[in-house]
Peer 1: 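Just passing along the structure, written as C-alpha cells.
Every heavy atom of this structure was used, including side-chain atoms; hydrogens, water molecules and symmetry mates were not. Keep in mind the model is a prediction, meaning the values are calculated, not measured.
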Protein chains: 2
Amino acid sequence: MSRPAVTIGEASRATGVSEKMIRHYEAIGLLHPARQANGYRRYAEPELAALRFIRHARDLAFPLEDIRRLLALWHDRGRASAEVRRLALAHVAALEEKARVLQSVANSLKHLAAHCHGDARPDCPILDELEGRQG
Amino acid sequence: MSRPAVTIGEASRATGVSEKMIRHYEAIGLLHPARQANGYRRYAEPELAALRFIRHARDLAFPLEDIRRLLALWHDRGRASAEVRRLALAHVAALEEKARVLQSVANSLKHLAAHCHGDARPDCPILDELEGRQG
DNA sequence: TGTGGGGTCTCCCATCATGGGAGGGTCAAG
DNA sequence: CTTGACCCTCCCATGATGGGAGACCCCACA
C-alpha cells in the first residue's frame, strides 16, 4: 500500500508544503523524519500525513504553537475532543477579534476619505486628522 | 510659544511613541532630530508633530512605507489631495481584504467546531478535517 | 573515467513593527 | 564622589516565510 519513504522534494510536491517550511517544522520539533546514510531526509506515510495536517491547520491560520498541541492531540487516540474544540474556539475568537479591529480601522479611514474631495487642491482632511487637528 | 527642544524620553511621553520606535523611525529616515554636543537627540516642535503624525497613521495601520509618503505629502504645501486619498483608499482596500480573509477562515473553523460535540469522547471532526479525510 | 545537472545539505540574511537587554557615557543632586 | 536617572549604540527575538551561497551526493551520458 504505502510506497517507500520519499525525499524532501517529493514530500513537498505531495503535500504542498515548501521544502523550506518542511525543514523549519522539523527544526522546531513538529516532525521527525528519518535520515538515510547520506544525510538526506526520508518521509514515510506518517510524516507525509503530518505535513498534510500541518498545511490544513495553517490554511485555517492556526499558529504553529497551536499546531504543535493539535498534532499531539491528534496522535493521542484517547484524547477528549473537548480540548481540541476549546483550542479551535479560542482561535476563532482571536481571528474574529483581528478581523473586527481591521474592519473598524478601515471604517475610520473610509470615513475620512469620504470627506476628502481628492482633487488637485491641497486641502485634505486625512492629513489634517493625521496631524492631529482637533477640529 | 513652542518650548525648547526636548530629549527622547520627553518626546516619547509627549507623543506616545516609545523611545525604541522613535530611534527606529529615525534609522529608516522618517525623522531627523538634531543632536546636542553630547550626542543626545533633541526634539523640537516639528519633530514632535511628525511623531504625532506617525503615531496617528500607525493607529490607522498604515505601513511605514506608506507613512513615509504621507509625511512627504504632508510637508508638501502644494500637494494634491488626490494622491493622499488614493493612498488611503488603497490601504482601506488592503485592510478590508485582510479582514474578509480572517473572518472567512474563522467561519470555516466555527462550522467545524459546531459539529464537534466537545466532550470526553475522542471523536472530533476538527481533527478529521485537518487530517484530510474527504468525507 | 570524467562531467553535467539536479537534488539535497546547512547556514546566514531579509521581511514587518516592535521590544528586551547589555555595556557604557552623561549629568545633576546629594 | 557616588548615586540614580537618563541617554547612547549594538545585538537579539518575535512569527512564518522565502532567498541565496557554498558544498555535497548521485545518476546518466559521453
Peer 1: Within the 4.5 Å heavy-atom criterion, are A:L109 and A:L112 side-chain neighbours or not?
Peer 2: yes
Peer 1: Are B:D119 and A:S81 close enough that some pair of their side-chain heavy atoms sits under 4.5 Å apart?
Peer 2: yes
Peer 1: Nearest heavy atom decides the nucleotide; on that basis, is A:N38 or A:Y25 closer to the 5' end of DNA chain D?
Peer 2: A:Y25
Peer 1: Salt bridge or not for B:E47 and B:R42, using N-O below 4.0 Å?
Peer 2: no
Peer 1: Could you check if a side-chain atom of B:Y25 sits within less than 4.5 angstrom of a side-chain atom of B:R58, using non-hydrogen atoms only?
Peer 2: yes
Peer 1: Take atom NE2 in B:H111; do more than 12 heavy atoms of anything else shown fall under 6.0 Å from it?
Peer 2: no
Peer 1: Rounded to whole angstroms, how far apart are CD on B:E26 and C1' on D:dC10?
Peer 2: 15 Å
Peer 1: With a 4.0 Å cut-off, would you call A:R13 and A:E10 a salt bridge?
Peer 2: no
Peer 1: Do any side-chain nitrogens or oxygens of B:R35 fall under 4.0 Å of OP1 or OP2 in D:dT9?
Peer 2: yes
Peer 1: One thing to verify: whether A:R23 and A:E26 come together as a salt bridge, which I'm taking to mean a side-chain N less than 4.0 angstrom from a carboxylate O.
Peer 2: no
Peer 1: Any donor and acceptor pair, going by atom type alone, linking the side chain of A:R85 with main-chain N or O of B:C116 inside 3.5 Å?
Peer 2: yes
Peer 1: Quick check for you: name the first and last nucleotides of DNA chain C, 5' to 3', having an atom under 4.0 Å from a heavy atom of chain A.
Peer 2: C:dG7 to C:dC11
Peer 1: In whole Å, I'd like the distance from the CG atom of A:D59 to the C1' atom of D:dA16.
Peer 2: 14 Å
Peer 1: For A:R42, which contact category applies under a 4.0 Å heavy-atom criterion: base, sugar-phosphate, or nothing?
Peer 2: nothing
Peer 1: Side-chain contact, heavy-atom cut-off 4.5 Å: B:S12 with B:I22?
Peer 2: yes
Peer 1: Of B:Y40 and B:F62, whose closest DNA chain C nucleotide lies nearer the 5' terminus?
Peer 2: B:F62
Peer 1: If you define the side chain from C-beta out and look only at heavy atoms, does anything of B:Y43 sit under 4.5 Å from B:L31?
Peer 2: yes
Peer 1: Please state how far atom CD1 in A:I8 lies from atom C1' in D:dC26, giving the value in whole angstrom units.
Peer 2: 17 Å
Peer 1: Please list, in numerical order, the residues of residues 16-23 of chain A that have a heavy atom closer than 4.0 Å to any atom of DNA chain C.
Peer 2: A:E19, A:K20, A:R23
Peer 1: With a cut-off of less than 4.0 Å, is there a side-chain N or O of B:R41 near OP1 or OP2 of D:dC8?
Peer 2: yes
Peer 1: If you define the side chain from C-beta out and look only at heavy atoms, does anything of A:R55 sit under 4.5 Å from A:L51?
Peer 2: no
Peer 1: Check DNA chain C against residues 93-110 of chain A and give the residues with a non-hydrogen atom under 4.0 Å, in numerical order.
Peer 2: none
